[in-house]
Amino acid sequence: MLSKLKSVEFSKFAPLFVTLAFILILIQYSFHPLESIFYDFWIKTDLPAKSFNNPIVLISLDEESDQFLGETYPYTYASHTRLMNRLVADEPALMNYFVSLLEPDSQVEARYQTEFHEAIKSYSPSGDKFKFGTEIDQVGELVPPEALKDIGYYLGQLYRDQLVFSKDEVVRRAILNISGEDSLHLWTAKRYRELQGLPALDATAYKGAYYNSEADANFALFKYSGNPSSNRIPSIPFHRVVVGNFPKGFFKDKIVLIGPQYLSNSNDFVLTPFDKENAKSPKLAVHADVIEALISEKTIYDVKDITTQVAALLIAILLSFVISRVQPVKGLMITILIIIGILASSYIAFIALGWWIKLSHLVLSIFVVYYIWVPFRAIEEYQTRYAIEEETKLLKQVDNLKQNFISLMSHDLKTPVAKIAGIADILKIKFNNTPEQTELIDNVMNSTKELNNFINSILDLTKIESQNLTLSKESKDVNKIIESIVEKLEFEATNKHINIELELSPLYPIQIDTVLMNRVISNLIENAIKYAGSGKSIWVKTWDDAEWVYIEVKDNGVGVGPDDLAHIFDKFYRVKNDSSHSIKGSGLGLYLVKYFIELHNGVITATSQFGEGTSFIIKLKNE
């Protein structure tokens with residue numbers, strides 16, 4: 001066990017350990033300002049939430065009504081009584097009164113207050129249709145005047161995120177109940193659901209509802225049905241209702257919210273996810289959104305932090321593994337795709353299921369992984385690249401030494417080989433040799449010729465590998481080169497009883513390196529003589545078209561098998577069969593032929609049928 005642990009390279013896991021340490025520290029902190037950005041964006045783009053059937057109408061006390069009535073907020077009880085009589089006659093389903101009414105300051109006001117009370121009682125004898133909405137300030141709860149308390153009132157407070165979450169005073173959650181008593185929003189939603197034949201829901205029945213012991217209240221995040229400042233909810237000024245200037249049935253079976261909406265009073269407006277910079281959303285419209293959300297059960301479940309924390313760790317481990325295995329560019333693309341996938345999944349969960357998945361830990365953990373692993377990967381890539389460069393340099397040096405050695409050896413060998421050939425030639429010409437001696441001298445001369453060809457091939461290969469081989473082109477008739485080569489090889493072919501037939505079409509001269517082209521054609525014809533076999537024939541044919549000049553060297557010898565044919569142009573490759581085993585060669589001839597042809601921007605192809613012969617076709621540019 002200890003020996004296995006010792007064999008593990010813990011340095012490879014250093015980035016992972018650093019990453020996990022950072023992630024563990026990261027998830028200890030909350031990033032509410034960042035979370036609020038995602039949350040508010042989801043709210044604003046949640047199109048299904050905007051499909052609410054609006055059951056609410058707003059009546060606003062504002063500057064226009066002040067001017068028309070000649071009164072100031074909260075108006076006289078006489079005006080409120082006339083308003084109530086008009087509303088009762090139109091048969092609304094429910095009414096919420098968010099007006100902070102004052103105690104009457106005269107007998108006339110007291111009389112109208114009584115009439116106002118009676119009008120409400122006539123509309124809601126049992127108190128199940130009308131409620132006052134109250135708020136809590138520094139002093140306490142702002143309750144209705146004493147004579148109106150028996151009608152009933154509930155807390156109609158809009159909860160702003162002042163001390164929790166992002167602390168930006170944006171209204172994101174609804175108060176469901178406080179100290180065991182329903183809020184006005186929940187009471188209204190319950191009553192309306194009952195009127196619609198739907199079950200009334202308690203505070204704890206809503207998705208995502210949670211209890212806060214410090215406030216002794218139940219809360220729930222809710223979805224807006226649209227931008228509260230967009231005049232989406234039907235609204236009418238207070239004075240128009242007082243004088244009856246509205247269509248008949250305008251309020252029938254609706255929830256009517258009555259409250260102030262003074263442009264000059266910032267307290268009548270609140271911040272929402274739709275306008276976080278300036279308070280542009282009327283409180284009355286936001287009350288309507290809260291009630292709509294509770295009626296339609298459009299509340300939000302806040303996925304527990306532990307879930308996203310565990311997910312952040314798992315994603316960090318997975319992404320670390322991926323980035324450590326792929327190239328940095330691919331790692332970046334995978335990182336971007338994972339971020340997009342997480343954002344898309346979170347958004348779909350929000351709009352489809354009403355689940356709010358906090359993204360800050362997930363997104364920040366991805367960035368931490370990326371910015372920790374990328375430097376490590378860059379260092380690793382640099383080390384690998386440096387090692388490859390050093391190895392390449394070393395291989396290049398070895399290759400240069402090899403080429404220099406081969407070049408020197410080849411040059412040094414050419415001189416003694418030439419001397420041997422010269423001595424053998426002198427011995428053959430100047431002395432009267434016996435037949436046995438002549439045969440030996442011929443063997444020496446043939447061997448020196450083969451050795452010289454081999455040395456030339458090695459020298460050509462050295463030039464190719466050192467990229468020192470350049471073309472020396474001149475305008476030349478290919479037919480003349482072929483005729484010259486065939487004339488030189490005629491004696492060798494005759495000795496083997498091989499017939500060489502020429503079929504040369506008239507050609508225009510083309511730009512070629514004469515020396516290299518001599519080598520190419522000589523090699524092909526010599527190979528045909530060597531491998532075709534005694535009594536066979538060789539055909540050399542030329543023709544052209546507008547683009548190419550064609551040269552074909554064909555024999556009817558033993559041919560080449562398909563396995564060998566695929567490799568005949570490979571360096572140092574020789575066909576392995578009984579007939580070729582005794583024939584000497586370097587395995588470089590056809591490799592050099594192909595290279596020289598391609599150096600001319602030409603093409604060479606070979607076809608062969610075992611037992612029927614072989615054909616080589618060269619294509620050279622007709623230019």
Side-chain angles (χ1 to χ4, degrees), residues 32 35-36 38-56 94 96 133 154-161 164-166 170-178 180-196 198-213 215-228 232-233 255 257 270-274 281 283 285-305 307-308 346-359:
H32 290 150
E35 294 291 359
S36 69
F38 289 117
Y39 179 89
D40 294 340
F41 183 75
W42 294 167
I43 287 288
K44 288 188 285 187
T45 57
D46 186 2
L47 299 179
K50 297 173 176 54
S51 62
F52 284 126
N53 293 320
N54 176 46
I56 299 175
L94 299 167
N96 292 167
Y154 287 109
L155 183 68
Q157 188 94 17
L158 291 175
Y159 187 82
R160 308 178 193 189
D161 287 344
V164 297
F165 196 43
S166 60
V170 172
V171 177
R172 298 186 179 91
R173 60 199 81 225
I175 301 173
L176 300 179
N177 65 17
I178 187 166
E181 185 177 86
D182 290 344
S183 68
L184 180 61
H185 305 121
L186 182 58
W187 176 85
T188 305
K190 276 184 176 181
R191 288 292 301 122
Y192 189 79
R193 287 177 63 87
E194 288 173 351
L195 293 173
Q196 298 298 311
L198 300 171
L201 299 177
D202 292 327
T204 55
Y206 281 95
K207 176 172 55 185
Y210 65 94
Y211 176 73
N212 184 290
S213 58
D216 189 23
N218 282 292
F219 297 86
L221 293 161
F222 70 95
K223 291 185 177 184
Y224 283 81
S225 56
N227 189 342
R232 172 182 47 83
I233 301 173
I255 301 171
L257 308 185
V270 291
L271 296 172
T272 67
F274 295 88
S281 299
K283 289 172 70 174
V286 178
H287 283 301
D289 272 313
V290 175
I291 293 169
E292 283 183 346
L294 296 179
I295 290 171
S296 302
E297 300 180 65
K298 295 292 184 179
T299 54
I300 298 166
Y301 174 69
D302 182 3
V303 176
K304 302 299 180 185
D305 289 347
T307 304
T308 54
S346 174
Y347 179 68
I348 292 170
F350 189 89
I351 63 172
L353 304 174
W355 291 2
W356 174 36
I357 301 172
K358 295 185 179 69
L359 292 171

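No experiment lies behind these values; they were computed from the predicted model shown.
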- [ ] Search all heavy atoms of A220 against all heavy atoms of A209 and return the closest pair with its distance.
- [x] CB-CA, 4.2 Å
Task: W356 vs F350, ring-ring contact (aromatic ring centres under 6.0 Å, His included): CA-CA, chis, key distance, verdict - done: CA-CA 5 Å; W356 174 36; F350 189 89; 7.9 Å; no
Open item on the list: Applying ring-ring contact (aromatic ring centres under 6.0 Å, His included), can you list everything that pairs with H185, at least two apart in sequence or on another chain?
Closed with: H287
- [ ] Would you indicate whether the side-chain heavy atoms of S346 and W42 approach each other to under 4.5 Å?
- [x] yes
Task: Heavy-atom pair of closest approach, residues S36 and R172 - done: CB-NH2, 3.6 Å
- [ ] Taking Y206 for its side chain and L294 for its backbone only, find out whether a donor-acceptor pair lies under 3.5 Å.
- [x] yes
- [ ] Supply the atom-to-atom distance I300 CD1 to K207 NZ, rounded to the nearest 0.5 angstrom.
- [x] 8.5 Å
Open item on the list: Can you give me the closest heavy-atom contact between D289 and P228, atom names plus distance?
Closed with: OD2-CG, 3.4 Å
Open item on the list: Side chains of I43 and F274, heavy atoms from C-beta outward: is any pair under 4.5 Å?
Closed with: yes
Open item on the list: Tell me every residue that passes ring-ring contact (aromatic ring centres under 6.0 Å, His included) with F38, counting only those two or more places apart in sequence or in another chain.
Closed with: none
Task: Results of side chain to side chain donor-acceptor pair (under 3.5 Å) for K190 - residues two or more places apart only - done: D182, D202
TODO: Quick one: closest heavy-atom pair of P55 and Y192, and the distance?
DONE: CB-OH, 3.3 Å
Open item on the list: Run the side-chain contact (heavy atoms from CB on, under 4.5 Å) test against A203 and tell me which residues pass, sequence neighbours left out.
Closed with: L176, N177, L186, N218
Task: side-chain contact (heavy atoms from CB on, under 4.5 Å) against E194, all qualifying residues, sequence neighbours excluded - done: R191, A200
Task: Contacts of type salt bridge (Lys or Arg N to Asp or Glu O under 4.0 Å), residue R173, not counting sequence neighbours - done: D161
Task: Minimum side-chain heavy-atom gap W355-D302 below 4.5 Å - done: no
- [ ] Tell me, please, which residues at least two apart from A288 pass side-chain contact (heavy atoms from CB on, under 4.5 Å).
- [x] I56, L58, I233, L257
Task: ring-ring contact (aromatic ring centres under 6.0 Å, His included) partners of Y210, counting only residues at least two apart - done: F219
Task: side chain to side chain donor-acceptor pair (under 3.5 Å) partners of N212, counting only residues at least two apart - done: none
Task: Non-hydrogen side-chain atoms of E181 and L155 separated by less than 4.5 Å - done: no
TODO: Kindly give the heavy-atom pair with the smallest separation between S183 and I175, and that separation in Å.
DONE: OG-O, 2.7 Å
Task: Crowding at CZ, F41 (>12 non-hydrogen neighbours, <6.0 Å) - done: no
- [ ] Locate the shortest heavy-atom distance separating K223 from A293; write the atom from each residue and the value.
- [x] O-CB, 3.6 Å
Task: For Y159, side chain to side chain donor-acceptor pair (under 3.5 Å) partners two or more places apart - done: none
TODO: For L198, enumerate each residue passing the side-chain contact (heavy atoms from CB on, under 4.5 Å) test, keeping only those at least two apart in sequence or located in another chain.
DONE: R193, Q196
- [ ] Quick one: list whatever passes side chain to side chain donor-acceptor pair (under 3.5 Å) with T188, sequence neighbours left out.
- [x] N96
TODO: Using a 4.5 Å cut-off on heavy atoms from C-beta on, say whether the side chain of L271 contacts that of R160.
DONE: no
Task: Inter-residue atom distance Y347.OH - I357.CD1, 0.5 Å rounding - done: 14.0 Å
TODO: Report yes if some heavy atom in the side chain of L221 is under 4.5 Å from a heavy atom in the side chain of F165; otherwise report no.
DONE: no
Open item on the list: Quick one: does any side-chain atom of S296 pair with a main-chain N or O of K298 as donor and acceptor, under 3.5 Å?
Closed with: no
- [ ] Determine the sole option in I295, L158, L184 for which the side-chain contact (heavy atoms from CB on, under 4.5 Å) test with V290 is passed.
- [x] L158
TODO: Please tell me if the side chains of Y224 and V286 come closer than 4.5 Å, counting only heavy atoms from C-beta onward.
DONE: yes
